Amino acid sequence: METKKPIVIKIGGSTLGTHDTTIEDLVNLQKRGLLLVVVHGGGNRLTQWLERHDIPTSFIGGLRVTDERSLEMAAAVLGGLVNTELVAAINSLGGRAIGITGVDGNLIEGKIEDARLGYVGRIVKVNTQALEAILAAGFIPLIAPPCARSSDETANVPYLNINGDEIAGELAAAMSAQSLIFLTDVEGIRDSHGKLLRKLTTHEVRSLLASGVIAGGMIPKAEAAMTALKTTSVVQITDGRVPHALIEAVEGRIAGTVITQPI
Ligand SMILES: Nc1ncnc2c1ncn2[C@@H]1O[C@H](COP(=O)(O)OP(=O)(O)OP(=O)(O)O)[C@@H](O)[C@H]1O
Ligand SMILES: [Mg+2]
């Protein structure tokens, strides 16, 4: 049995630009012998593809409203294109990665909770056996958002779209991760004046959510941080576009926001 705790990393779609060193950093960290579990988004890519097909996009509380056509597109673009590109990039730099979605091995099971969001699931169960097997074999599991639909839900469509942040939070909690790191397109959580907040407790995060200072795409990250911190000791949110932001975060020299439980 694997006793070392993994680091769970969420790569935001919008951070995967051309100058990004995230892939290089992942390979470097894998070579150091760290266990890495990576969840990716790809919101910008998906929005581009939806636009090309004249499918409108809207968000409620940072979550993408997903009708049947957008769900198909999410599976094609996130589970297909983005996942394939990331795995290929890691492997081409000498890393060892295997791409899966939340559907594989029933990794993540969701249920529709808010009908206004369409085919968007909230996580009801996590089955980490597939991840443990991939980690034990020496690979980085790279997880795309489409997830399984819980079998006790009457379903015409057997899978759902789930926000990548929520997946990362639940996986970190389920695996008692060493840490959870969000790489995104802002320097961290900002206060109402736009100033970076370097250290936050879950209490403070809760009040920033309640006051609406944490909004849009930062909402699922903040909620995922609180989920993860049930078993994980630290959550970091940092700008993935900054060279070597991931290595800095792993080494504890984070430039962004660190969230912990209050003492
Ligand atoms: N208080 C806040 N501090 C910082 N960013 C915030 C805050 N409130 C809202 N945001 C927004 O959250 C965004 C990050 O979430 P977003 O969903 O856009 O990216 P991502 O999750 O990294 O990528 P993807 O959704 O593609 O996986 C920021 O670009 C910013 O606009
Ligand atoms: Mg997001």
Side-chain angles (χ1 to χ4, degrees), residues 9-20 22-23 38-92 97-123 141-150 153-170 182-186 215-221 223-224 240-241:
I9 299 156
K10 156 74 189 340
I11 307 180
S14 32
T15 73
L16 296 166
T18 43
H19 304 295
D20 201 283
T22 304
I23 301 294
V38 183
V39 181
H40 67 82
N44 284 359
R45 270 320 255 305
L46 180 54
T47 301
Q48 282 167 13
W49 278 77
L50 290 167
E51 276 168 6
R52 267 187 227 169
H53 292 80
D54 294 316
I55 304 170
T57 298
S58 61
F59 290 85
I60 299 176
L63 301 176
R64 182 184 301 268
V65 176
T66 305
D67 64 6
E68 202 162 336
R69 287 205 302 163
S70 326
L71 179 68
E72 267 184 25
M73 194 68 85
V77 174
L78 303 178
L81 188 62
V82 177
N83 195 264
T84 304
E85 284 177 354
L86 288 171
V87 172
I90 292 172
N91 292 349
S92 73
I98 288 185
I100 58 171
T101 72
V103 176
D104 291 281
N106 254 2
L107 176 61
I108 306 285
E109 295 182 35
K111 268 189 182 177
I112 293 177
E113 199 182 80
D114 181 349
R116 294 175 308 161
L117 294 167
Y119 292 100
V120 170
R122 296 318 288 251
I123 299 172
L142 211 87
I143 303 150
C147 290
R149 192 163 177 180
S150 173
E153 200 170 37
T154 34
N156 51 336
V157 182
Y159 66 99
L160 296 170
N161 192 19
I162 297 190
N163 184 282
D165 299 338
E166 192 178 330
I167 298 172
E170 289 285 352
F182 289 101
L183 298 175
T184 185
D185 63 352
V186 278
M218 197 51 77
I219 297 172
K221 275 182 240 308
E223 285 173 350
R241 299 167 306 178

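Quantities reported herein were computed from a predicted structural model and do not represent experimental measurements.
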- Item | Check against side chain to side chain contact (heavy atoms under 4.5 Å, CB included), V157 and Y119 | CA-CA 9 Å; V157 182; Y119 292 100; 3.8 Å; yes
- Message: Assess the residue pair V87 and I98 against the criterion (side chain to side chain contact (heavy atoms under 4.5 Å, CB included)); give the C-alpha distance rounded to whole Å, side-chain angles, the decisive distance to 0.1 Å, and a yes or no.
- Response: CA-CA 6 Å; V87 172; I98 288 185; over 6 Å; no
- Passes side chain to side chain contact (heavy atoms under 4.5 Å, CB included), D165 versus F182? Steps please. CA-CA 8 Å; D165 299 338; F182 289 101; 3.7 Å; yes
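I11 places a side-chain heavy atom less than 4.5 Å from the side chain of T22. Here the side chains of I167 and P145 are in contact, with some heavy-atom distance below 4.5 Å. By the 4.5 Å heavy-atom criterion applied to side chains, T47 and R52 are not counted as neighbours. Put simply, the side chain of I162 does not reach to within 4.5 Å of the side chain of V120, judged on heavy atoms. T66 has its side chain out of reach of L117: every pair of non-hydrogen atoms, C-beta onward, lies at least 4.5 Å apart. At least one side-chain heavy atom of N163 sits under 4.5 Å from a side-chain heavy atom of P220. R149 places a side-chain heavy atom less than 4.5 Å from the side chain of I112.
Listed by chain and number, the residues in a salt bridge (charged side-chain N to carboxylate O under 4.0 Å, His left out) with E113 amount to none (sequence neighbours excluded). Under the side chain to side chain donor-acceptor pair (under 3.5 Å) criterion, D114 pairs with R116, sequence neighbours left out. Legend: residues meeting side chain to side chain contact (heavy atoms under 4.5 Å, CB included) with L50, ordered by chain and number and at least two apart, are L46, I55, T57, R64, S70, M73. Under the rule for a side chain to side chain contact (heavy atoms under 4.5 Å, CB included), the partners of A148 that lie at least two apart in sequence or sit in another chain are N106, E109. Here R45 pairs with E85 under the salt bridge (charged side-chain N to carboxylate O under 4.0 Å, His left out) rule; sequence neighbours left out. Applying the side chain to side chain donor-acceptor pair (under 3.5 Å) rule to D104 yields the partners T101; only residues at least two apart in sequence or on another chain are considered. For A75, the side chain to side chain contact (heavy atoms under 4.5 Å, CB included) test picks out P146, Y159, with sequence neighbours left out. The salt bridge (charged side-chain N to carboxylate O under 4.0 Å, His left out) test applied to E166 returns R122, not counting sequence neighbours. Among residues two or more places apart in sequence or in another chain, the side chain to side chain contact (heavy atoms under 4.5 Å, CB included) test is passed with T84 by none. Residues that satisfy the side chain to side chain donor-acceptor pair (under 3.5 Å) test with D54, not counting sequence neighbours, are absent from this structure.
Note that NZ of K221 and OG1 of T184 are 4.0 Å apart. Values are rounded to the nearest 0.5 Å. Going from atom CG of L160 over to atom OG of S150 covers 9.5 Å, rounded to the nearest 0.5 Å.
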For residues 76-83, which side-chain donor-acceptor pairs fall under 3.5 Å, sequence neighbours excluded?
from	atom 1	to	atom 2	distance (Å)
N83	ND2	H40	NE2	3.0
N83	ND2	L142	O	3.0

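Between I90 and A97, the shortest heavy-atom contact is CG2-CB, 3.8 Å.
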